[in-house]
Amino acid sequence: MRERLLPWAGAGLATLLAGALAAAVISLPPDARGLAGAAGERLAETEVGNPVTAVLLAFRAYDTALEVGVLLLAAIAIFALRGSHELAGVRRLPPGGVVLRWMVRLLVPLLVLAGGYLLWRGTHAPGGAFQAGALWGAAGVLLRVAGDAGLAGARGWPLRLGLSVGIIAFGLAALLPGTPPLGYPPGWSGMAIVAIEAGVTASVAASLAVFFTAAEARTNE
Amino acid sequence: MTPFLIYGLAAVAIFALGLFTVVVRPHLLRKLLALNVMGSAVFLLLVATAHRNREQMPDPVPHAMVLTGIVVAVSVTAFALLLMRRIHALTGSVVLSDEDDET
């Protein structure tokens with residue numbers, strides 16, 4: 001009986017919610033600047049040209065710090081479920097065929113280069129830590145799939161250090177003397193932002209590699 | 001029918017479709033994919049609200065929120081996939097069973 005009612009109940013719930021949300025969306029003013037004005041006025045203080053990077057790492061740095069913390073928390077939870085000794089290098093995939101190995105040889109240096117470029121570009125154009133971290137994470141996943149992990153096969157304390165360098169960078173920025181927590185000293189803001197972004201990129205790349213590794217099939221499953 | 005209204009209502013429709021699948025379908029992977037679809041709908045709505053004005057710079061705060069949201073969604077999806085594999089390894093099924101179905 002319940003199985004027959006469930007689709008109708010679900011459709012009713014979804015329709016009601018859609019109606020309420022549509023009413024809310026329609027009631028929003030169609031022309032509103034939001035926070036663009038406030039962000040534009042204070043952009044010069046942060047010494048970066050890209051407003052999204054300024055919002056991520058200067059105006060709303062607290063959100064980004066917690067987000068990096070969520071990445072680390074997910075990695076810890078995955079360690080708890082799978083056991084950290086099972087990750088990264090214990091069970092290596094069989095080496096791929098010729099096409100895969102040549103593709104990895106071509107792609108991984110390009111991915112690393114593109115990631116580094118995006119990390120630097122993020123200060124004055126679209127780009128930044130998360131985009132670069134996604135590219136480096138993809139390079140790590142490619143290395144694992146091809147069978148020879150290299151740096152992507154890190155385990156033990158190097159892996160833990162790579163995972164936590166992002167939140168450590170934010171912790172150091174929060175403890176800088178003479179400024180409010182997560183505030184940067186005037187004149188050092190640009191360099192501090194790039195340094196924190198570098199740490200976040202490494203963390204994001206390591207976390208993505210850990211996420212992929214945890215999903216690998218185990219032989220006794 | 002402004003562009004914001006088109007994107008906003010499309011986001012609401014996608015959100016409702018994802019919610020329907022999460023509630024109704026029993027397969028765990030379908031629920032997880034539908035949750036991701038709901039997340040994408042929210043991102044669409046956020047970016048649509050950022051581009052409401054016609055001036056040079058769109059509102060950067062919703063863009064930053066979407067970036068944060070994408071990363072959090074990836075983390076949750078990875079952990080949920082691992083939980084799903086554990087459930088499958090321990091019980092052999094990909095749907096959650098009710099308590100009174102066990103014999």
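Chain identifiers are assigned alphabetically (A, B, ...) following the order of the sequence lines, protein sequences preceding nucleic acid strands; residue numbering begins at 1 within each chain.
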Quick check on L83(B) against chain A: is it the side chain, the backbone, both or neither that has a heavy atom closer than 4.5 Å?
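L83(B) touches chain A through backbone and side-chain heavy atoms alike.
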Side chain, backbone, both or neither: which part of P62(B) has an atom under 4.5 Å from a heavy atom of chain A?
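Answer is neither: P62(B) stays 4.5 Å or more from chain A.
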Identify which of [options] forms the greatest number of heavy-atom pairs closer than 4.5 Å to chain B.
options	answer
L35(A), V70(A), L56(A)	L35(A)
A18(A), A74(A), P7(A)	P7(A)
L28(A), V204(A), N50(A)	L28(A)
G19(A), P29(A), A24(A), A54(A)	P29(A)

Heavy atoms, side chains only, cut-off 4.5 Å: are T15(A) and F20(B) in contact?
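Not in contact.
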Pairwise side-chain contact, T68(B) with F130(A), heavy-atom cut-off 4.5 Å (strictly under):
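With C-beta onward as the side chain, the pair stays apart.
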Interface moiety of L73(A) toward chain B, non-hydrogen atoms closer than 4.5 Å:
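For L73(A), there is no contact with chain B at all, as no heavy atom is under 4.5 Å.
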Please look at L17(A) and chain B and tell me whether the side chain, the backbone, both or neither of the residue comes under 4.5 angstrom of a heavy atom of that chain.
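Side chain only.
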Can you check side chain to side chain contact (heavy atoms under 4.5 Å, CB included) on T77(B) and F211(A), steps first, answer last?
CA-CA 9 Å; T77(B) 302; F211(A) 293 166; over 6 Å; no
Counting neighbours of CE on M65(B) that are heavy atoms of other residues, nucleotides or ligands and sit closer than 6.0 Å, is the number greater than 12?
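Check fails, neighbour count at 12 or below.
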V55(A) and A64(B): which non-hydrogen atoms are nearest, and at how many Å?
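Looking at all heavy atoms of both residues, the closest pair is CG1-CB, 3.5 Å.
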Quick one: closest heavy-atom pair of A39(A) and P60(B), and the distance?
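The answer is CB-CG, 3.7 Å.
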Any idea which of L9(B), D59(B), T49(B) has the most non-hydrogen atom pairs under 4.5 angstrom with chain A?
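The option with the most such pairs is D59(B).
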Distance check, rounded to the nearest 0.5 Å: L67(B) atom CG versus R60(A) atom CZ?
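These two atoms lie 14.0 Å from each other.
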